[in-house]
Amino acid sequence: MNAPTRRRILVTSALPYANGQIHLGHLVEYIQTDIFVRFQKLRGHEAVYLCADDTHGTAIMIRARAEGRSERELIAAMREDHLADFAGFRIEFDHYGSTDSDANRRLCGEIWRSLRDKGLVVSRDVKQLFDPKAGVFLADRFVRGTCPRCKAADQYGDACEKCNATYSPADLVDPVSTLSGATPEIRSAEHLFVQLEPMQGFLREWTKDSGALDPRISNYLTGHFLGEPLRDWDISRPAPYFGFEIPDAPGHYWYVWFDAPVGYIAATDEWSAAQGGSWKAWWHRGGTNEPAAEIHHFIGKDITYFHTLFWPAMLEAAGLALPTKVRIHGFLTVNGEKMSKSRGTFLLARTYLDHLDPACLRYYYAAKLSGDIDDIDLNLEDFAAKVNSDLVGKVVNLASRTARWLEGTGLSETYPDDGGLFAQGALDGAEIAAAYDDCDFARAMRLVMAAADRANAYVDAEQPWKLAKAGPESAEKLREVATVALNLFRQIVVYLTPVLPDLAAETGALVGGPILSWEESRHPLTGVPVAPFKPLARRVEAPQLEALVAASKPATPPSPLSPPSNLPSSGNASVTTDPAEPLAAEPLAPQCTIDDFAKVDLRVARILAAEEVPEAKKLLKLTVSLGGEERRTVFAGIKGFHDPAALEGRLVVVVANLAPRQMKFGLSEGMVVAASGAGATGVYLLSPDSGALPGMRLH
RNA sequence: GGCAGCGUAGCUCAGUUGGUUAGAGCACCGGCUUCAUAAGCCGGGUGUCGCCGGUUCAAGUCCGGCCGCUGCUACCA
């Protein structure tokens with residue numbers, strides 16, 4: 001790659017809110033972005049992938065209060081979870097920051113100063129409902145009451161679900177704060193606004209002509225917002241509010257949507273500082289930012305206007321670089337419908353990782369993402385079929401069926417005649433790269449699979465297994481055929497490296513060393529050793545999917561009058577402490593030493609099969625895997641509490657060195673660890689965090 | 001209500017500036033192969049391209065209307 005063509009590309013994903021766990025909908029974006037960045041790096045460009053937790057706002061404040069801990073404790077815990085989930089899916093950030101950082105506070109101040117200097121900030125009073133008991137102003141959705149039009153009870157503060165009337169929360173009959181149950185009162189408070197109308201001309205031009213936006217998006221913006229006067233943007237919230245206090249307006253805090261996008265720059269700042277550089281080399285116009293960096297924001301369509309109106313307006317006012325591309329994707333549906341907790345299709349990243357390989361989802365998303373704004377559907381049956389036939393049946397199978405013939409000899413010393421297959425594959429590289437660069441990963445995957453089809457047809461035509469049986473005189477020919485097949489395989493893997501980094505690493509270990517450059521797709525390897533073949537991918541089995549769905553269903557159906565969505569749906573939401581009964585019912589055992597503990601070998605295991613034992617009252621017969629070929633039969637006293645079908649595929653903890661015990665129904669070779677007691681009837685299996693693998697020991 | 005997008009084989013989707021008998025993968029059926037993680041190869045489609053109408057020598061592709069689905073509709077994150 002020539003120096004002048006080396007691009008500087010700054011890439012961001014939208015900042016996940018610190019109020020919830022990462023789910024498979026989020027992952028559409030992070031996987032899409034990660035693939036894009038890995039591709040650019042593989043091509044030799046200087047690409048930087050930045051993200052951060054979005055930590056501020058009322059929802060965080062309320063939740064922390066409900067959980068009886070500080071906001072910073074809450075966001076620190078959530079950050080751990082987010083990072084673990086991202087790592088599990090091989091999302092590789094160059095830096096992952098937080099909007100609650102010194103850098104962000106400072107940069108918000110700088111941009112704020114620019115807005116002030118340009119005279120864009122104005123202030124006026126806003127009437128809002130106030131909860132006198134909780135001491136906070138209430139967003140519409142924190143107020144419920146009787147609809148003023150149709151008198152339906154228990155409606156939200158902005159609209160009636162029964163008669164579709166819209167109104168102000170102040171119009172509600174008998175309004176109630178969902179936070180405290182108190183009757184809210186109307187209070188007036190000063191808010192600060194950013195005037196956008198003076199930026200109208202700039203925005204109209206930028207949305208249409210900058211090339212940053214798909215024409216569909218710029219049309220939408222032109223039709224909806226641009227063309228009539230832009231309303232002022234309410235950018236402040238009165239105390240109490242979890243966020244940054246505005247330096248020149250004590251008692252006022254920046255609204256979370258002000259400091260969230262600045263988090264992109266703050267992350268750049270922290271990353272640059274660690275490299276000994278400056279964020280200005282990416283965000284300034286001209287000067288140190290030369291040649292100008294490209295800035296690519298990946299976002300979901302729900303936050304379009306924040307990134308296409310407010311954000312460019314802020315950057316323009318501050319004289320900073322504008323986004324090169326705002327890449328907008330659609331939502332995820334599961335089995336054709338919105339993700340649903342009751343259907344078991346609200347799939348958390350962590351739950352997925354407990355049951356399936358992240359590579360499968362990365363590939364499936366890649367095969368679906370065409371770079372446009374349409375929603376994509378995760379159809380679980382299709383998912384299994386696609387992953388199994390493409391990844392296992394076509395790609396990995398190529399190596400699986402030929403590598404072993406090269407273990408002793410390595411690749412041929414010169415590249416044999418392959419009828420032009422490798423050259424064809426190398427030629428396709430340009431088209432595949434163009435598809436990646438355009439975020440049309442679906443097209444890239446189709447092209448790659450076509451190459452895999454050609455390679456499999458080649459193997460079939462050459463029939464190496466017959467050469468293997470034919471004896472020594474065919475040995476050289478066999479080596480040549482296998483050399484071709486393995487080179488075609490590796491070429492395909494180079495193209496898949498952005499999507500499947502683990503497969504790329506394992507392929508490198510099999511033959512040729514780490515895959516570091518897209519250029520490796522252009523030249524076949526010769527004369528290098530081939531390591532013993534190890535399985536590179538596992539098939540997706542139906543029981544795993546069933547277990548994933550089962551594990552995603554709520555333990556108890558949600559109550560029809562469940563609280564508003566940003567109260568946590570799980571965990572200890574209440575300020576009251578946990579009951580004392582469980583501990584009291586079974587007091588602590590005598591103290592033991594670390595050596596005592598070490599005698600018990602606890603291992604992560606995967607339940608491969610679970611079946612009823614009809615004659616038994618409490619037992620299920622489980623077959624568990626400790627990784628590799630290690631299998632155990634374990635009888636577990638959990639019948640009636642767990643549906644056998646739902647157990648298959650999930651990870652549990654077993655006592656792996658327990659002496660086998662002959663039971664009435666067979667030999668039990670271990671014990672599955674579960675919590676119970678205190679008069680409660682349930683038996684609760686333990687699940688490791690995402691990322692754990694069968695065979696790992698608990699320390 | 002308004003606006004936008006989508007609606008192509010059982011499923012998931014391609015279909016470039018309108019141009020010959022509308023394609024791929026999976027599923028399914030038949031045959032071959034048996035090296036490989038029940039993997040591979042060959043062959044098999046009479047689909048009203050949501051419905052109706054229009055423009056055109058020619059429309060899945062352009063225009064209008066209708067139906068269905070989805071999303072958006074700034075102080076909601």
Side-chain angles (χ1 to χ4, degrees), chain A residues 14 17 19-20 54 56-60 126 128 137 139-142 156-159 164 166 191 193 196 214 216-217 219-225 230-237 255-257 260 300-306 309-310 330-331 333 335-338 364 367-368 370 372-379 381-405 440 442-443 445-446 449-450 452-453 455-469 478 481-482 485 533-539 541 564-566:
Chain A
Y17 200 47
N19 189 32
D54 180 17
H56 291 157
T58 309
I60 297 288
V126 170
Q128 215 180 343
F137 283 92
D140 292 352
R141 68 210 165 90
F142 288 117
Y156 281 109
D158 53 351
N164 292 320
T166 58
H191 281 229
F193 293 77
L196 293 170
D214 184 295
R216 297 150 92 176
I217 300 299
N219 287 343
Y220 155 75
L221 295 170
T222 303
H224 270 84
F225 307 108
L230 290 165
R231 290 190 227 169
D232 298 344
W233 184 27
D234 185 350
I235 199 65
S236 77
R237 293 293 181 275
Y255 174 50
V256 58
W257 262 109
K301 61 185 182 183
D302 52 330
I303 54 176
T304 295
Y305 59 71
F306 288 103
L309 295 179
F310 300 157
F331 296 141
T333 54
N335 291 337
E337 295 176 306
K338 264 188 205 181
Y364 189 73
K368 289 270 181 162
S370 61
D372 67 19
I373 199 173
D374 298 331
D375 291 351
I376 68 169
D377 185 47
L378 168 60
N379 179 290
E381 273 181 44
D382 184 56
F383 168 75
K386 188 138 195 89
V387 167
N388 290 343
S389 66
D390 287 2
L391 247 37
V392 180
K394 287 182 183 173
V395 175
V396 164
N397 191 226
L398 265 177
S400 173
R401 65 194 303 205
T402 56
R404 68 190 191 90
W405 286 308
D440 191 350
R443 178 170 161 74
M445 294 306 106
R446 283 198 298 276
M449 288 310 139
D453 284 342
N456 273 307
Y458 167 85
V459 174
D460 218 69
E462 298 296 333
Q463 304 187 312
W465 54 92
K466 289 194 175 161
L467 298 172
K469 285 177 186 155
L478 173 64
V481 170
F533 178 78
K534 286 186 282 193
L536 298 171
R538 266 182 57 188
R539 298 176 61 81
E541 307 289 352
S565 61
N566 58 330

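A note on names: the letters A, B, ... follow the listed sequences, proteins ahead of strands, and every chain is numbered from 1.
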Once you round it to whole Å, what is the distance between P of B/A27 and CG of A/Asp390? 10 Å
Pair assignment for B/G71, Watson-Crick or G-U wobble, requiring both distances under 3.5 Å: B/C3
Can you tell me which nucleotide in B/C41, B/U37, B/A39 comes closest to the side chain of A/Asn397? B/A39
So if I take every side-chain heavy atom of A/Trp257 and compare against B/A77, B/C75, B/C13, which nucleotide ends up nearest? B/A77
Starting at atom CG of A/Asp372, determine the distance to atom P of B/C13, rounded to an integer number of angstrom. 11 Å
Is A/Arg237 close enough and on-axis enough to A/Tyr255, meaning under 6.0 Å and within 45°, for cation-pi? yes
Separation between the C1' atoms of B/G15 and B/U8, rounded to whole Å: 9 Å
Of the listed nucleotides B/A77, B/C75, B/G71, the one nearest the side chain of A/Lys301: B/G71
Below the 4.0 Å mark, does B/U34 have OP1 or OP2 next to a side-chain nitrogen or oxygen of A/Arg401? no
Sugar-phosphate only, base, or nothing, as touched by A/Asp375 at under 4.0 Å among non-hydrogen atoms: sugar-phosphate
Give a yes or no on whether the backbone of A/Met449 and the side-chain of A/Lys394 come within a donor-acceptor separation of less than 3.5 Å. no
Taking atom C1' in both B/U16 and B/G50, what distance in whole Å separates the two? 24 Å
Classify A/Lys534 by what it touches in the nucleic acid, base, sugar-phosphate, or nothing, heavy-atom distance under 4.0 Å. nothing
Please report the closest heavy-atom contact between A/Asn388 and A/Arg539, naming both atoms and the distance. OD1-CA, 3.3 Å
Taking the same atom, C1', in B/C66 and in B/G45, what whole-Å distance lies between them? 31 Å
Would A/Lys301 pass as a cation-pi partner of A/Phe331, given that its NZ or CZ must be under 6.0 Å from the six-membered ring centre and within 45 degrees of the axis? yes
Between P on B/C13 and CZ on A/Phe383, what's the gap in Å once rounded to a whole number? 15 Å
Give the rounded distance in Å between these two atoms: CG of A/Asn19 and P of B/A77. 11 Å
For the side chain of A/Val396, counting heavy atoms from C-beta on, which of B/C35, B/C11, B/U37 is nearest? B/U37
Return no unless some side-chain N or O of A/Lys394 is found under 4.0 Å from OP1 or OP2 of B/A39. no
Report yes if at least one side-chain N or O of A/Lys469 is closer than 4.0 Å to OP1 or OP2 of B/C35; otherwise report no. yes
Taking any heavy-atom pair under 4.0 Å as a contact, classify A/Arg404: base, sugar-phosphate, or nothing. sugar-phosphate
Minimum-distance nucleotide to A/Pro535 side chain [options: B/A77, B/U37, B/C41]: B/U37
Pairing partner of B/A39, by Watson-Crick or G-U wobble and under 3.5 Å for both distances, is none
Between B/G25 and B/U20, how far apart are the C1' atoms? Round to whole Å, please. 26 Å
Taking any heavy-atom pair under 4.0 Å as a contact, classify A/Val126: base, sugar-phosphate, or nothing. nothing
Using purine N1 to pyrimidine N3 plus N6-O4 or O6-N4 for Watson-Crick, or N1-O2 and O6-N3 for G-U wobble, both under 3.5 Å, which nucleotide pairs with B/A22? none
With sugar-phosphate meaning primed atoms plus P, OP1 and OP2, does A/Asp232 contact a base, only sugar-phosphate, or nothing at under 4.0 Å between heavy atoms? nothing
pair_partner(B/G60), Watson-Crick or wobble, both distances < 3.5 Å, evaluates to none
I'd like to know if the side chain of A/Asp460 and the backbone of A/Asn456 have a donor-acceptor N/O pair within less than 3.5 Å. no
B/A22 versus B/U46 - spacing of their C1' atoms, nearest Å: 13 Å
Scan A/Pro464 against the nucleic acid and name what it touches under 4.0 Å (heavy atoms): base, sugar-phosphate only, or nothing. nothing
Given the rule in the side chain to side chain donor-acceptor pair (under 3.5 Å) test, do A/Asp377 and A/Thr333 qualify, once you have shown the distances and angles that lead to the verdict? CA-CA 5 Å; A/Asp377 185 47; A/Thr333 54; 2.7 Å; yes
What contact category does A/Gly57 fall into here, base, sugar-phosphate, or nothing, at under 4.0 angstrom with non-hydrogen atoms? nothing
Provide the distance between the two C1' atoms, one in B/G47 and one in B/G7, to the nearest whole Å. 14 Å
Contact class for A/Ala537 (heavy atom, under 4.0 Å): base, sugar-phosphate, or nothing? base
Value in whole Å for how far the P atom of B/C13 lies from CZ of A/Arg443: 18 Å
Reckon A/Tyr305 has a side-chain N or O less than 4.0 Å from the OP1 or OP2 of B/U73? yes
In the strands shown, is B/A9 matched to any nucleotide by a Watson-Crick or G-U wobble pair with both distances under 3.5 Å, and which? none
5′-ward residue of the pair A/Trp465/A/Ile373 relative to RNA chain B: A/Ile373
Please report, rounded to the nearest Å, how far the P atom of B/C72 is from the CD1 atom of A/Ile217. 12 Å
Value in whole Å for how far the C1' atom of B/G25 lies from CG of A/Asn388: 14 Å
Do you know which two heavy atoms are closest between A/Gly57 and A/Tyr17, and how far apart they sit? CA-OH, 3.7 Å
Side-chain contact check for A/Leu536: nearest option of B/U37, B/C35, B/U12 is B/U37
How far, in whole Å, is B/C29 from B/G10 if one measures between their C1' atoms? 14 Å
Regarding A/Trp233, tell me which of base, sugar-phosphate or nothing describes its non-hydrogen contacts under 4.0 Å with the strands shown. nothing
Checking all strands, does A/Phe310 fall into the base, sugar-phosphate, or nothing category for heavy-atom contacts under 4.0 angstrom? base
Name the residue closer to the 5' end of RNA chain B, choosing between A/Gly393 and A/Tyr255 according to the nucleotide with the nearest heavy atom. A/Gly393
Gap in Å between the two P atoms, one belonging to B/A9 and one to B/C49, rounded: 10 Å
Name the closest nucleotide to the A/Asp382 side chain, picking from B/C13, B/C11, B/A77. B/C11
So does A/Lys386 pair up with A/Asp390, basic N to acidic O under 4.0 Å? yes
Determine whether A/Phe310 and A/Trp257 satisfy the following criterion, ring pair (Phe, Tyr, Trp, His ring centres under 6.0 Å), listing intermediate values before the conclusion. CA-CA 9 Å; A/Phe310 300 157; A/Trp257 262 109; 8.4 Å; no
Atom CZ of A/Arg539 to atom C1' of B/C26: distance rounded to whole Å? 13 Å
